[in-house]
Amino acid sequence: MEVRTRFAPSPTGYMHIGNLRTALYAYLHARKNGGKFLLRIEDTDQARLVEDSVKVIYESLRVTGLEHDEGPDKGGPVGPYVQSERRPIYREYAEKLLKEGHAYRCFCEKEEKTEKPADEEQEGLLLGYDGRCGRLSEAEVQANLAKGLPFVIRQKIDKEGSTTFNDFVYGPITVEHKQLDDQILLKRDGYPTYNFANVVDDHLMGITHVMRGCEYISSTPKYILLYKAFGWEIPEHIHLPHILDQSGKKLSKREGSAALSDLLNKGYLPEAVLNYIALLGWNPGTEQEFFTKAGLIEKFDIARIGKAPAMFDETKLSWLNAQHVKALTPEAAHKLFLKFYPEKIVKEFDAVKLTGFIQGKVEKLSDLPAMTAFLAQLDEQYSTELFVHAKNKTTLEGSKAVLKDLEGILNALPSWEYAFILAAVKAYADAKGAKLGPVMWPLRIAISGQAVTPTGAVEIAELLGKPETLRRITVAIGKL
RNA sequence: GGCCCCUUCGUCUAGCGGUUAGGACGCUGCCCUCUCAAGGCAGAGAUCACGGGUUCGAAUCCCGUAGGGGCCGCCA
């Protein structure tokens, strides 16, 4: 049977990283098995509709390359793919349940949600709706209908017995029916609840593997009961452990890293994000950690999804991102870097060369401005103490002398190419009978004004150009 | 409160009855090097949440306990 998975987000306005991982796994499983990956929009809560948020979903899927085969924008054989456009379908199936005694109309007011007698609670009986409308006689129902009372449709659950389903990752899970309340299937406004729409749509859309967060585990028996009431085949259920923040709580958007857009804005590559979240709850069974999307498709296996929740660790994401940046072609890297370079760098420097120098040293793209700021503007207030470096045996006086010599030597250079500059500095060091370090150190400090630079002295000098290099050397000599 | 689930280095994880409990990030040190990185090498870091069993033998199987998470919405 063809594998069909789906990503069914509700339009909230941003793409939560946990949801993205669910989408990823569903996508990978479909691709791995030559199946179909569908997108379904779950917009059944009219009160929570957020303008344009469906666009965020499309954009997130596009930028990460999680292409769906069927969906609202692409069509497909089992549409419509937006739940708000499927209302007649839910109505039809709800009525079928009504007719067959698996559901009933509930005329209770919203607030009437009935307190349970204390002793009943102590016995561990259900806390939810008490099912009173389920006990209405046909005559009472008709009378309420005749009065035009508004109603919802609830699932009728016999409180005897239990239901067991087999979760693909968590194994068999059993819940006593008395724990299950008569959940609402169709709301007063005619829209279905998630609980109902999900079951109906997953079945009608031929979903073979239902993947979702593990917060649905407890409710799944209710869905199983629905499948059974309809006489439908039960799909494979794959519940995924949560992704937690650094403090062990559920990743929230307040943290600033819960949304895909946050991560992208920080300069993480989409593929690195995919790679990282894939590893949160799944492993390939080998020691490989670097994966392209194609590599993930090749190696992904739902059998290796774990049960324990995982903490989101941005430090490791950074490392993985650096691996992906390194793996980029120079052209691709430059195109990306250009978006993060300060304007002045792009305008006044050979940015292509710069990219070449630092591609292997960039962790995340948003570091670029800080990494390159010294090129555009020398902070002349830097401490002269930087010239003193024990390992390279440099001192203040020595540095001054070296810089004075270098000033003349570099000024006399006929060409400002990397090789010429390096050769000249080397020749000078040789003549002095010194190693390169004692000469390069003062030079680099002088022209960068900082202890740590993303690249070496000669590269910096080449980027800076002759006049600016000499100017900075002069400034340094003046300071010393 | 009831029910469900989870628990191996700080973090992500391997492990599926016999391993010196392996790898990765991070951390420390060394090497390399025109700096820092990167790269290479090395090291520290886990009494496998705890307590009982079962077994010749348990991180692995069973039962408890504790801690954490989830569900109990006309949200999804």
Side-chain angles (χ1 to χ4, degrees), chain A residues 8-10 12 19 42-45 47-48 106 108-110 113 118 121-129 150-154 167 170-171 173-176 178-181 183-189 191-195 197-198 212-221 239 241-242 244 246 248-250 276 279-290 304 306-313 315-320 322 326 358-363 386 389 391-392 422 425-426 429 435-441 443-445 448 450-460:
Chain A
S10 53
T12 56
N19 286 133
E42 310 221 327
D43 59 343
T44 57
D45 186 355
R48 294 221 284 188
C106 171
C108 294
E109 287 299 318
K110 283 189 189 182
K113 250 193 353 181
E121 266 196 40
Q122 278 165 8
E123 285 170 37
L125 294 177
L126 77 163
L127 258 62
Y129 183 67
F151 61 87
V152 300
I153 293 178
R154 285 183 186 274
D167 188 273
Y170 289 95
I173 289 174
T174 302
V175 174
E176 301 289 325
K178 65 181 179 188
Q179 292 295 329
L180 274 21
D181 69 336
Q183 63 178 349
I184 291 176
L185 268 19
L186 223 49
K187 299 184 258 190
R188 198 178 279 198
D189 63 6
Y191 281 86
T193 58
Y194 167 90
N195 307 310
N198 222 255
R212 51 156 86 115
C214 64
E215 67 270 25
Y216 292 104
I217 285 186
S218 305
S219 318
T220 300
H239 285 101
H242 285 141
L244 276 20
Q246 322 279 347
K249 300 210 180 67
K250 213 170 151 183
Y276 179 67
L279 262 17
L280 252 28
W282 171 83
N283 75 81
T286 64
E287 279 166 6
Q288 182 180 356
E289 290 201 299
F290 180 90
R304 299 198 63 89
K307 302 175 181 185
M311 285 193 203
F312 187 91
D313 177 16
T315 310
K316 183 144 187 182
L317 204 212
S318 267
W319 171 78
L320 205 46
K326 245 179 268 188
I358 67 176
Q359 186 184 347
K361 294 147 192 166
V362 174
E363 283 225 315
L386 293 178
H389 186 84
K391 240 180 118 180
N392 283 310
L422 180 59
V425 177
K426 267 187 173 160
K435 287 182 127 183
L436 225 32
V439 175
M440 286 295 187
W441 182 271
L443 210 214
R444 194 178 57 85
I445 297 300
S448 70
Q450 53 194 44
V452 177
T453 54
T455 182
V458 177
E459 283 128 339
I460 296 170

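A, B, ... follow the sequence lines: proteins, then strands. Residue 1 opens every chain. Since we're looking at a predicted model, the values are computed, not measured.
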**Message:** Can you tell me if A/Lys361 touches the phosphate of B/G39, counting only side-chain N or O atoms and a distance under 4.0 Å to OP1 or OP2?
**Reply:** no

**Prompt:** Side chain of A/Tyr191, backbone of A/Asp43: donor and acceptor closer than 3.5 Å?
**Reply:** no

**Prompt:** Hey, does A/Tyr191 reach any base, or is it just sugar-phosphate, or nothing, if we go heavy atoms under 4.0 Å?
**Reply:** nothing

**Message:** Using whole Å, what does the distance between atom P of nucleotide B/U33 and atom CG of A/Asn392 come to?
**Reply:** 12 Å

**Item:** Main-chain N/O of A/Thr44 paired to A/Lys187 side chain as donor or acceptor, under 3.5 Å
**Value:** yes

**Asked** Counting side-chain heavy atoms from C-beta on, which of B/U35, B/G2, B/C4 comes nearest to A/Trp441?
**Response** B/U35

**Prompt:** Using purine N1 to pyrimidine N3 plus N6-O4 or O6-N4 for Watson-Crick, or N1-O2 and O6-N3 for G-U wobble, each under 3.5 Å, what pairs with B/U47?
**Reply:** none

**Request:** Rounded off to whole Å, could you give me the CG-to-P distance for the A/Leu436 and B/C34 pair?
**Result:** 5 Å

**Message:** Rounding to an integer number of angstrom, what distance separates B/G67 and B/A58 when you compare their P atoms?
**Reply:** 28 Å

**Request:** Select base, sugar-phosphate, or nothing to describe what A/Ile217 touches, counting heavy atoms under 4.0 Å on all strands.
**Result:** sugar-phosphate

**Message:** Heavy atoms from C-beta onward define the side chain here; which of B/C71, B/C25, B/G23 lies closest to that of A/Glu289?
**Reply:** B/G23

**Message:** Please give the distance between the P atoms of B/U11 and B/C3 as a whole number of Å.
**Reply:** 30 Å

**Request:** Can you tell me the distance, in whole Å, between the CG atom of A/Leu386 and the P atom of B/C34?
**Result:** 20 Å

**Message:** Of the listed nucleotides (B/C25, B/C36, B/U35), which one gets closest to any side-chain atom of A/Thr315?
**Reply:** B/C25

**Message:** If the cut-off is 4.0 Å, is A/Lys187 near the phosphate of B/A76, judged by side-chain N/O to OP1 or OP2?
**Reply:** yes

**Item:** Base paired to B/U60 (Watson-Crick or G-U; both N/O distances under 3.5 angstrom)
**Value:** none

**Request:** For A/Gln246 and A/Phe312, indicate whether the former's side chain and the latter's backbone hold a donor-acceptor pair under 3.5 Å.
**Result:** yes

**Request:** For B/A76, take OP1 and OP2 only and decide whether either is under 4.0 Å from a side-chain N or O of A/Thr44.
**Result:** yes

**Message:** Distance check needed: B/C36 P versus A/Ile460 CD1, whole Å only.
**Reply:** 13 Å

**Complete:** From the candidates B/A76, B/C6, B/C74, the one with an atom nearest any side-chain atom of A/Ala308 is B/C6

**Request:** Look at A/Asn283 and B/U13 and indicate whether a side-chain polar atom (N or O) is within less than 4.0 Å of OP1 or OP2.
**Result:** no

**Distance, P atom - from B/A37 to B/C31, rounded to whole angstrom** = 14 Å

**Item:** Partner nucleotide, any strand, of B/G2 [Watson-Crick/G-U, under 3.5 Å]
**Value:** B/C71

**Request:** Could you please name the partner base of B/A24, counting Watson-Crick and G-U wobble pairs only when both distances are under 3.5 Å?
**Result:** B/U11

**Prompt:** Out of B/C25, B/C5, B/C3, which has the shortest distance to the side chain of A/Tyr170?
**Reply:** B/C5

**Identity of whatever pairs with B/A37 - Watson-Crick or G-U, under 3.5 angstrom** = none

**Message:** For a quick test of reading the model: is some side-chain N or O of A/Arg444 closer than 4.0 Å to OP1 or OP2 of B/A37?
**Reply:** no

**Message:** Once you apply a heavy-atom cut-off of 4.0 Å, does A/Thr286 come out as touching a base, just sugar-phosphate, or nothing?
**Reply:** nothing

**Asked** How would you label the contact of A/Thr193 with the nucleic acid (heavy atoms, under 4.0 Å): base, sugar-phosphate, or nothing?
**Response** sugar-phosphate

**Prompt:** When rounded to the nearest 0.5 angstrom, what is the spacing between OG1 in A/Thr315 and CG in A/Leu320?
**Reply:** 12.5 Å

**Asked** For atom P, what is the distance between B/A42 and B/A24, given to the nearest Å?
**Response** 10 Å

**Fill in**
Considering only heavy side-chain atoms of A/Trp319, the closest of B/C4, B/A24, B/C75 is B/A24

**Request:** Flag yes if more than 12 heavy atoms outside A/Lys426 fall under 6.0 Å of its NZ atom; otherwise flag no.
**Result:** no

**Prompt:** So which one's nearest nucleotide on RNA chain B is more toward 5', A/Pro9 or A/Gly285?
**Reply:** A/Gly285

**Message:** Tell me if a side-chain donor or acceptor on A/Ser318 pairs with a main-chain N or O of A/Glu363 at a distance below 3.5 Å.
**Reply:** no

**Request:** Could you check whether A/Ala310 gets within reach of a base, just the sugar-phosphate, or nothing at all, counting any heavy atom under 4.0 Å?
**Result:** sugar-phosphate

**Message:** How many whole angstroms separate atom CZ of A/Phe290 from atom P of B/C25?
**Reply:** 14 Å

**Request:** Measure from the side-chain heavy atoms of A/Ser219 and tell me the nearest of B/C71, B/U35, B/G23.
**Result:** B/C71

**Complete:** Per atom distances to the A/Glu287 side chain, the nearest of B/U13, B/C5, B/G22 is B/G22

**Asked** Would you find a donor on one side and an acceptor on the other, under 3.5 Å apart, between the side chain of A/Gln179 and the backbone of A/Glu176?
**Response** no

**Asked** NA contact type, A/Ser318, heavy-atom cut-off 4.0 Å: base, sugar-phosphate, or nothing?
**Response** nothing

**Spacing of the P atoms in B/G43 and B/G22 (rounded, Å)** = 12 Å

**Message:** I'd like to know if A/Lys391 reaches the base of B/U33 with its side chain, counting only an N/O donor and acceptor under 3.5 Å.
**Reply:** yes

**Asked** What is the nucleic acid contact for A/His242, judged by heavy atoms within less than 4.0 Å: base, sugar-phosphate only, or nothing?
**Response** sugar-phosphate

**Prompt:** Is the side chain of A/Asp167 donor-acceptor paired with the backbone N or O of A/His239 at a distance under 3.5 Å, no angle test?
**Reply:** yes

**Asked** When all nucleic acid strands are considered with a 4.0 Å heavy-atom cut-off, which category describes A/Asn195: base, sugar-phosphate, or nothing?
**Response** base

**Message:** With rounding to the closest Å, how many angstrom separate the P atoms on B/A21 and B/U28?
**Reply:** 27 Å

**Complete:** Of the listed B/C6, B/G15, B/A76, the closest approach to the A/Arg304 side chain comes from B/G15

**Message:** B/G39, OP1 or OP2 - any side-chain N/O from A/Lys326 closer than 4.0 Å?
**Reply:** yes

**Item:** Close side-chain approach of A/His389 to A/Arg444, heavy-atom, < 4.5 Å
**Value:** no

**Nearest-nucleotide 5' precedence on RNA chain B, A/Trp282 against A/Gly456** = A/Trp282

**Request:** Using atom CG of A/Leu320 as one end and atom P of B/A24 as the other, report the distance to the nearest whole Å.
**Result:** 14 Å

**Asked** When all nucleic acid strands are considered with a 4.0 Å heavy-atom cut-off, which category describes A/Gly306: base, sugar-phosphate, or nothing?
**Response** nothing

**Prompt:** Taking atom C1' of B/U7 as reference, at what distance in whole Å does atom CE of A/Met311 sit?
**Reply:** 11 Å

**Euclidean distance for P, B/A59 against B/U65 (whole angstrom)** = 23 Å

**Message:** Using whole Å, what does the distance between atom P of nucleotide B/C34 and atom CD of A/Glu459 come to?
**Reply:** 11 Å

**Message:** Keeping A/Gln288 on the side-chain end and A/Phe290 on the backbone end, is there a donor-acceptor pair under 3.5 Å?
**Reply:** yes

**Asked** Among B/U13, B/C74, B/C5, which nucleotide sits nearest the side chain of A/Arg188?
**Response** B/C74

**Message:** Using atom C1' in both nucleotides, what's the gap between B/A46 and B/C4 to the nearest angstrom?
**Reply:** 29 Å

